Protein chains: 2
Amino acid sequence: MKYEIDDMDRGIIKHLSIDGRMSFTEIASNLNVTEKTIRLRYKNLLDNGILSVVGVVNPVALGVKSGAIIQLKVKPQSIIEAVEELKKFREIRYITMTSGPYSILVQIAVPGPDEITETLLRINELDYITEMNTIVQLAVYKNTYDYF
Amino acid sequence: MKYEIDDMDRGIIKHLSIDGRMSFTEIASNLNVTEKTIRLRYKNLLDNGILSVVGVVNPVALGVKSGAIIQLKVKPQSIIEAVEELKKFREIRYITMTSGPYSILVQIAVPGPDEITETLLRINELDYITEMNTIVQLAVYKNTYDYF
DNA sequence: AATGAAACTCGGATCTG
DNA sequence: CAGATCCGAGTTTCATT
């Protein structure tokens, strides 16, 4: 559950966050240890759910250039159901439950402004949704995943 | 600019989004093509900025369990400067410029509730910030990166 | 599409604190 | 005893044909 990361783990993560397919041999020689050590550490990080090496696509290169943040009010006792419905939207890439007047916040990523409107309309049709507040994203300045 | 990817590209991305270190030979045998084809396709996807294979850490496993979304109003003509200051915060992992009364929205990821408060106070000290609205995240239900 | 050399991965045995 | 190293056999990568 609570795994203590040390400097070598951090070094491995650092290397893999630049190139997830970097060979263990190369990481090992950079960190002055054996390849087997890196291999073992890597497995531990994986097994403990701390690290995963995955392919991620760049939305802009695929023509997905617009985004919006939408706050939603839902009918009482319906948050879970609403979330389940929202999960099905491919355009919705982030769903979080929040404090404040709107109990759900989602973020969408779509090709262009027209699709923002189109997606809003589709969300608006959902049963559990009673109110929406849309914030259009004009630019993204930071988007990182290094938590330490 | 906008690159058209085909089914084989999608197949490769699909495999690598499960395990970014899967060998090209294995992907090749799954997709019934030669390893060289996969290797070439992979390079093209990389070179065109469509795909990257990276290590990502799971914040929860590292004890980073709390999050908040903060909307910010900034002094006129100071958006860029404000963004530059905000970028320096390690806790801030997402910064976007938005429509509406608040011109900037950021998301933070921190170990616990106390650090939300602490980070808020630090952001509040910034010169360009005139107003803040904080939305605490109670749970995250979806967080994907497959855009197609 | 096939070949082969070089690089990489992987498992066992062994060593070290 | 967990974690590091050594080492050889088996795979994968990658340029050439």
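Just so it is clear, the structure is predicted and the values come from calculations on it, not from any experiment. Throughout, a chain's letter reflects where its sequence line sits, starting with A, and its residues are numbered from 1. Worth knowing before you read on, the calculation uses all heavy atoms, side chains too, and leaves out hydrogens, waters and symmetry mates.
- The minimum heavy-atom distance between B/A68 and B/I116, with the atom names listed, is CB-CG2, 4.1 Å.
- When every heavy atom of A/A109 is checked against every heavy atom of A/V64, the shortest pair comes out as C-CG1, 3.6 Å.
- A/V60 and B/Y94 fall into different hydrophobic clusters, where Ile, Leu, Val, Met, Phe, Trp and Tyr side chains are chained together by heavy-atom contacts under 4.5 Å.
- Here B/R122 does not pair with B/E125 in a salt bridge; the nearest charged N to carboxylate O distance is not below 4.0 Å.
- Computed from C1' positions of five pairs at each end, the angle between the two local axes of the helix from C/dA1-D/dT17 to C/dG17-D/dC1 equals 30°, rounded to 10 degrees.
- Chain B approaches DNA chain D within less than 4.0 angstrom (heavy atoms of the protein), and the contacting nucleotides run 5' to 3' from D/dT12 to D/dT16.
- More than 12 heavy atoms of other shown residues, nucleotides or ligands fall within 6.0 angstrom of atom NZ in B/K73.
- Side chains of A/Q137 and B/T96: a donor-acceptor N/O pair is present below 3.5 angstrom, by distance only.
- The nearest pair of heavy atoms linking B/V83 to B/I95 is O-CD1, 4.2 Å.
- Every residue two or more places apart in sequence or in another chain was checked for a side chain to side chain contact (heavy atoms under 4.5 Å, CB included) with B/I18, and none qualifies.
- For residues 5-26 of chain B, proximity to DNA chain D is found at B/S23, B/F24, B/T25, defined as any non-hydrogen atom under 4.0 angstrom from a strand atom.
- Among residues two or more places apart in sequence or in another chain, the side chain to side chain contact (heavy atoms under 4.5 Å, CB included) test is passed with A/D7 by A/R10.
- At a threshold of 4.5 Å between non-hydrogen side-chain atoms, the residues B/H15 and B/I38 do not count as touching.
- When every heavy atom of B/K87 is checked against every heavy atom of A/K142, the shortest pair comes out as O-NZ, 2.7 Å.
- In the region residues 27-41 of chain B, proximity to DNA chain D at under 4.0 angstrom, judged on heavy atoms, holds for B/E35, B/K36, B/R39.
- Of all heavy-atom pairs spanning B/I50 and A/A61, the tightest one is CG1-CB, 3.8 Å.
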